[in-house]
Amino acid sequence: MATGTQLVFVRHGEARCNVAGLLGGPATCTGLTERGVEQVRLAAARLAVEHHAERPVQHLYAGPRRRLQETGAVLSAALGLPLVTDEGLDGLHHGSADGLSWRDVEAAFGGAPAAHPERAWAPGSETWSGFLLRAGDGLARLIERHEGQTLLVATHGETVIAACHLLLGIPLSAAPDIDFGTDHAGITRFEHHDDRFGRRSWTLALLNDTSHLRTCR
């Protein structure tokens, strides 16, 4: 992980599964709402200004689910970068709960997946700890592949949380007790650099910034 690497996340815009209160897994994600597309367009316009000025992006990635692909397509058009799909950026695997009501699944499980991080929250699903490890491994591979460059990632909110654990050194055991804001089309930025004493570290420079959405209804 070299000095100068930057990792910029844009959570997908509002999705149809979010509005319906459903778990939008690989089999049931139906993409963004019109409002969600507009949210991403506003985020993309902001990032395009930065891209052509002081913060050029070298690579654009997205996970495979439809809402991420649609988010990535808007970013690609705005920044003029090809979109690369990376399976390592896929969201939490819901197993048999894919397409079911969040409220019902959480009620049966006794909370969100992070509430009991070592338990599968539905038959065939990942555990929360397992997801954090898988997502962290995927992010680590991307960072190693693109040392010293700026990566833009269309992502799930859960992947932003995984990045916080990975890059800030937060132990998985803390998962039930912490959370990070991840609103639709929110922007999060990590920067890797040396300080004046030669210590290398990751800085969470921006977390869930949605200031570009002020005009979105």
Side-chain angles (χ1 to χ4, degrees), residues 6-52 55-95 97-102 126 131 134-135 138-139 141-142 146 150-163 180-190 206-217:
Q6 295 191 40
L7 196 57
V8 183
F9 294 99
V10 178
R11 189 191 173 198
H12 62 79
E14 178 187 79
R16 294 185 180 92
C17 60
N18 301 139
V19 174
L22 304 177
L23 282 77
T28 60
C29 177
T30 54
L32 302 178
T33 64
E34 290 185 6
R35 183 170 185 265
V37 172
E38 180 59 21
Q39 289 171 333
V40 177
R41 284 176 178 158
L42 291 169
R46 170 182 172 177
L47 291 168
V49 171
E50 298 177 0
H51 172 63
H52 294 295
R55 293 181 183 271
V57 175
Q58 281 78 44
H59 302 280
L60 171 62
Y61 282 91
R65 293 190 199 177
R66 181 170 169 181
R67 57 189 182 274
L68 297 193
Q69 289 291 300
E70 293 179 1
T71 297
V74 174
L75 295 169
S76 175
L79 276 69
L81 291 171
L83 176 63
V84 178
T85 300
D86 191 305
E87 296 292 332
L89 296 170
D90 197 13
L92 185 67
H93 296 163
H94 301 303
D98 193 347
L100 300 183
S101 161
W102 269 102
E126 288 181 291
F131 165 74
R134 175 175 63 80
L139 291 171
R141 288 193 297 271
L142 282 183
H146 300 295
T150 297
L151 311 182
L152 177 59
V153 183
T155 190
H156 297 280
E158 294 91 345
T159 306
V160 175
I161 295 172
F180 297 89
T182 56
D183 293 321
H184 293 131
I187 297 174
T188 296
R189 182 187 303 272
F190 289 90
L206 200 65
L207 176 64
N208 194 38
D209 189 335
T210 57
S211 58
H212 48 280
L213 300 181
R214 289 170 183 163
T215 62
C216 187
R217 296 183 178 181

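Just so we're clear, the structure is a prediction, and the values are computed from it rather than from any experiment.
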Kindly state each residue pair satisfying side-chain hydrogen bond (donor to acceptor under 3.5 Å, both in side chains) with at least one member in residues 25-37, sequence neighbours excluded.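 Residue pairs passing side-chain hydrogen bond (donor to acceptor under 3.5 Å, both in side chains), neighbours aside: Glu14-Thr33, Glu14-Arg35, Thr28-Asp98.
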side-chain hydrogen bond (donor to acceptor under 3.5 Å, both in side chains) contacts in which one or both residues fall within residues 78-87, not counting sequence neighbours: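 Pairs touching residues 78-87 that pass the test: Gln69-Thr85.
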Using side chain to side chain contact (heavy atoms under 4.5 Å, CB included) as the criterion, list what pairs up with [X], not counting sequence neighbours.
| X | result |
| --- | --- |
| Glu70 | Leu32, Arg66 |
| Ser211 | Arg46, Asp209, Arg214 |
| Glu126 | Leu92, His93, Phe131, Arg134 |
| Val74 | Val40, Arg41, Ala44 |

Measure the [atom1]-[atom2] distance between [X] and [Y] for me, rounded to the nearest 0.5 Å.
| X | Y | atom1 | atom2 | value |
| --- | --- | --- | --- | --- |
| Thr155 | Asp90 | OG1 | CG | 10.0 Å |
| Leu89 | Leu142 | CG | CG | 5.5 Å |
| His12 | Arg65 | NE2 | CZ | 9.0 Å |
| Tyr61 | Leu139 | OH | CG | 11.5 Å |
| Ile187 | His212 | CD1 | NE2 | 4.0 Å |

So, using salt bridge (charged side-chain N to carboxylate O under 4.0 Å, His left out) as the criterion, who are the partners of Arg11 when residues are at least two apart?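 Arg11: no salt bridge (charged side-chain N to carboxylate O under 4.0 Å, His left out) contacts found.
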Please report the closest heavy-atom contact between [X] and [Y], naming both atoms and the distance.
| X | Y | answer |
| --- | --- | --- |
| Val160 | Phe9 | CG2-CB, 4.0 Å |
| Leu75 | Ala154 | CD1-CB, 4.1 Å |
| Ala78 | Ala48 | O-CB, 3.7 Å |

Excluding sequence neighbours, so at least two apart, what forms side chain to side chain donor-acceptor pair (under 3.5 Å) with [X]?
| X | value |
| --- | --- |
| Glu158 | none |
| His94 | none |
| Glu50 | Arg189 |

Begin from the C-alpha positions of Leu47 and Leu152 and carry the test side-chain contact (heavy atoms from CB on, under 4.5 Å) through to its verdict. CA-CA 9 Å; Leu47 291 168; Leu152 177 59; 3.9 Å; yes
Is any side-chain heavy atom of Asn208 closer than 4.5 Å to one of Phe180?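 Of all side-chain heavy-atom pairs linking Asn208 with Phe180, none is under 4.5 Å.
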Given the rule in the side-chain contact (heavy atoms from CB on, under 4.5 Å) test, do Val8 and Val57 qualify, once you have shown the distances and angles that lead to the verdict? CA-CA 9 Å; Val8 183; Val57 175; 5.7 Å; no
side-chain contact (heavy atoms from CB on, under 4.5 Å) between Thr188 and Leu207, worked out: CA-CA 4 Å; Thr188 296; Leu207 176 64; 3.9 Å; yes
Name all pairs fulfilling the ring-ring contact (aromatic ring centres under 6.0 Å, His included) condition that reach into residues 31-52, sequence neighbours left out, sorted by first residue then second.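 Every pair satisfying ring-ring contact (aromatic ring centres under 6.0 Å, His included) with a residue in residues 31-52: there are none.
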State which residues pass ring-ring contact (aromatic ring centres under 6.0 Å, His included) with Phe190; sequence neighbours excluded, sorted by chain then number.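 Listed in chain order: nothing, the list is empty.
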Could you go through Arg67 and His156, starting from their C-alpha distance and side-chain angles, then the distance that decides it, and tell me whether this counts as side-chain contact (heavy atoms from CB on, under 4.5 Å)? CA-CA 9 Å; Arg67 57 189 182 274; His156 297 280; 3.5 Å; yes
Result of checking Asn18, Thr210, Thr71 against His184 for side chain to side chain donor-acceptor pair (under 3.5 Å):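 So the option named by the test is Asn18.
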